[in-house]
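A short write-up of the structure that comes next.
Heavy-atom basis, side chains included; hydrogens, waters and symmetry copies ignored.
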Amino acid sequence: MRVLQVCHRFPPHPGGIEYHVQRLAKYLSANGHEVTVLTTSRDTESTGEEGGYTVIKLKYRFEPLRNPIPLKFPLKFRELSSSFDVIHMHSIYTFTTLSSFPFADKSRVVITLHGRAYYRGMASLLAMLHERLSFRMLKGASAFISLTELDRRLMMRRGIDGSKIKVIPNFVDLEEIDGIAKRCGAIDKDSEVQLLFVGSLVEAKNLESLLMDLRKLGGSVSLWVIGDGPLRAKLERLAGKNVKFLGRMRREDWIPYALSSDALVLPSKSEGFPTVVLEAMALRKPVIVSNIEVHKMLFGDVAIFYDPGNPKSLAKALEMLKDSDEKVKRGRRLIEELYDVKVVAKKIVELYEEVMSSSP
């Protein structure tokens with residue numbers, strides 16, 4: 001099978017979609033499929049081999065709503081696409097998907113939603129208009145993947161035929177994570193309770209709320225912040241002395257911090273299917289997450305929940321860490337049974353085969 005993966009960014013740029021596409025391409029190529037990834041780069045254009053598959057990066061200069069616009073993308077896609085059995089586009093909202101879809105054979109296109117972006121003010125109005133137009137434009141694809149049941153309902157409300165939608169969850173590469181963990185050394189904690197945040201410093205992640213809650217809890221709790229983004233300067237001004245901003249890191253570089261922390265904390269206002277929570281559970285670490293619907297649906301039996309903006313709620317969650325061993329064990333089992341790439345990618349391949357069998 002020849003598969004073209006279309007995504008707006010790709011490692012070494014960090015992110016959940018980036019990791020998802022990279023590991024999916026690795027799995028497909030390791031199992032005998034021919035894979036090409038068509039993506040973007042802020043710095044240079046390139047074509048090269050990586051892990052048994054081809055990666056083509058086109059340079060972009062503009063990035064409205066954190067969404068790269070590579071002007072050459074539709075032309076390159078049109079040149080490539082006819083020779084592939086399946087075209088898998090990642091995200092309904094990205095310009096890489098929207099600019100290439102008009103030139104695709106719709107009967108061979110699979111699109112994964114990957115959750116929704118979160119914005120405030122005027123940006124939220126633009127994002128809502130963008131969302132409605134995107135769904136209307138892309139509804140002719142052969143098949144869609146939603147990571148959760150919540151996303152499936154959203155897609156149907158936006159006019160996608162429910163019979164075209166498969167709920168297939170996000171995943172992690174358990175073998176890779178375990179291998180990195182075995183090579184890691186310990187990192188000294190900054191206080192009695194050491195928390196870790198990993199993610200983009202954007203509005204949806206709600207790190208501002210966590211920083212304010214920590215200020216009210218005092219100096220017995222420290223936080224490592226791994227990631228970067230447009231809110232970094234503002235967040236550094238809000239942070240107390242017990243918070244360290246460590247910048248972006250590759251997975252193999254931040255996993256030692258995860259192993260040395262007492263818990264991962266994710267105070268998000270909005271999420272699609274947070275890969276970092278899966279990674280923390282794979283590493284046998286407790287996770288403290290915001291009490292939003294998607295978190296409760298995905299991690300109800302394995303996570304500790306709290307209400308961001310309520311320091312007492314966070315303090316209660318931290319107290320629960322003392323008795324979190326059983327949740328940690330259940331979390332690891334959940335990864336092994338449901339969220340390892342070897343389990344999930346098989347479902348994606350089955351969907352590809354369905355698309356191929358129904359394509360003229």
Side-chain angles (χ1 to χ4, degrees), residues 9 12-19 42 63-67 115-124 127 187-251 253-258 260-272 274-277 279-280 285-292 294-295 304-315 317-318:
R9 292 192 183 95
H13 191 284
I17 297 178
E18 292 89 330
Y19 175 85
R42 182 81 179 185
E63 196 178 3
L65 297 176
R66 305 190 303 275
N67 192 342
R116 308 171 76 183
Y118 181 91
Y119 301 96
R120 286 198 306 183
M122 183 60 69
S124 69
I187 294 174
D188 292 337
K189 300 196 306 186
D190 292 333
S191 62
E192 181 181 351
V193 179
Q194 181 67 61
L195 301 179
L196 173 70
F197 170 89
V198 180
S200 298
L201 305 187
V202 296
E203 186 70 35
K205 298 299 182 181
N206 199 24
L207 186 58
E208 178 179 345
S209 177
L210 176 61
L211 296 178
M212 298 303 293
D213 290 342
L214 287 175
R215 290 176 72 97
K216 295 176 182 178
L217 292 184
S220 62
V221 183
S222 295
L223 175 68
W224 289 324
V225 176
I226 295 176
D228 207 344
L231 297 183
R232 178 166 179 171
K234 176 183 178 182
L235 294 170
E236 287 182 328
R237 290 193 297 270
L238 288 173
K241 295 180 179 179
N242 58 336
V243 179
K244 286 184 179 178
F245 288 80
L246 301 171
R248 286 178 177 167
M249 291 186 184
R250 299 175 303 168
R251 181 164 287 96
D253 295 327
W254 69 252
I255 280 181
Y257 288 90
S260 300
S261 67
D262 294 296
L264 173 90
V265 60
L266 192 64
S268 305
K269 296 177 181 179
S270 173
E271 284 288 351
T275 305
V276 69
V277 174
E279 292 166 332
K285 302 303 295 185
V287 291
I288 300 173
V289 297
S290 55
N291 196 28
I292 59 176
V294 66
H295 285 164
I304 297 170
F305 294 90
Y306 89 108
D307 298 316
N310 183 342
K312 291 182 179 179
S313 178
L314 179 59
L318 295 177

Which atom pairs, one a donor and one an acceptor, fall under 3.5 Å between side chains of residues 242-251 and the rest of the protein, sequence neighbours left out?
{"residue": "N242", "atom": "ND2", "partner": "V221", "partner atom": "O", "Å": "2.5"}
{"residue": "K244", "atom": "NZ", "partner": "D190", "partner atom": "OD1", "Å": "3.3"}
{"residue": "R250", "atom": "NE", "partner": "D253", "partner atom": "OD2", "Å": "3.0"}
{"residue": "R250", "atom": "NH1", "partner": "E252", "partner atom": "OE2", "Å": "3.4"}
{"residue": "R250", "atom": "NH2", "partner": "D253", "partner atom": "OD2", "Å": "3.3"}
{"residue": "R251", "atom": "NE", "partner": "E279", "partner atom": "OE2", "Å": "2.6"}
{"residue": "R251", "atom": "NH2", "partner": "E279", "partner atom": "OE2", "Å": "2.7"}

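Between P311 and D213 the shortest side-chain heavy-atom distance falls below 4.5 Å. The shortest side-chain heavy-atom distance between K205 and L231 does not fall under the 4.5 Å cut-off.
Of all the heavy atoms in E192 and D262, the pair that sits closest is O-OD2, 3.6 Å. W224 and Y257 get closest at one heavy-atom pair: CZ3-O, 3.3 Å. Among all heavy-atom pairs drawn from F305 and S290, the shortest one is CD2-O, 3.8 Å. Nearest heavy-atom pair across P308 and P267 is CG-O, 3.7 Å. Counting all heavy atoms, side chain and backbone alike, L196 lies closest to A258 at CD2-CA, 3.5 Å. Contact detail for L211 and L235: the closest heavy-atom pair is CD1-O, 3.5 Å.
Residues satisfying the salt bridge (Lys or Arg N to Asp or Glu O under 4.0 Å) criterion with D228, sequence neighbours excluded, are R232. Legend: residues meeting side-chain contact (heavy atoms from CB on, under 4.5 Å) with S313, ordered by chain and number and at least two apart, are Y306, D307, N310. Considering only residues two or more places apart in sequence or on other chains, A263 meets the side-chain contact (heavy atoms from CB on, under 4.5 Å) condition with L195, P286, I288, L321. Residues that satisfy the side-chain contact (heavy atoms from CB on, under 4.5 Å) test with R215, not counting sequence neighbours, are M212. Here K312 pairs with nothing under the salt bridge (Lys or Arg N to Asp or Glu O under 4.0 Å) rule; sequence neighbours left out.
In this structure, the separation between CZ on F197 and CG on L210 is 8.0 Å, given to the nearest 0.5 Å. Atoms OG and CG, on S209 and L214 in that order, are 9.5 Å from each other to the nearest 0.5 Å. Atom CG of L266 and atom CG of L207 lie 10.0 Å apart (nearest 0.5 Å).
Between the K285 side chain and the S261 main chain, a donor and an acceptor come within less than 3.5 Å of each other.
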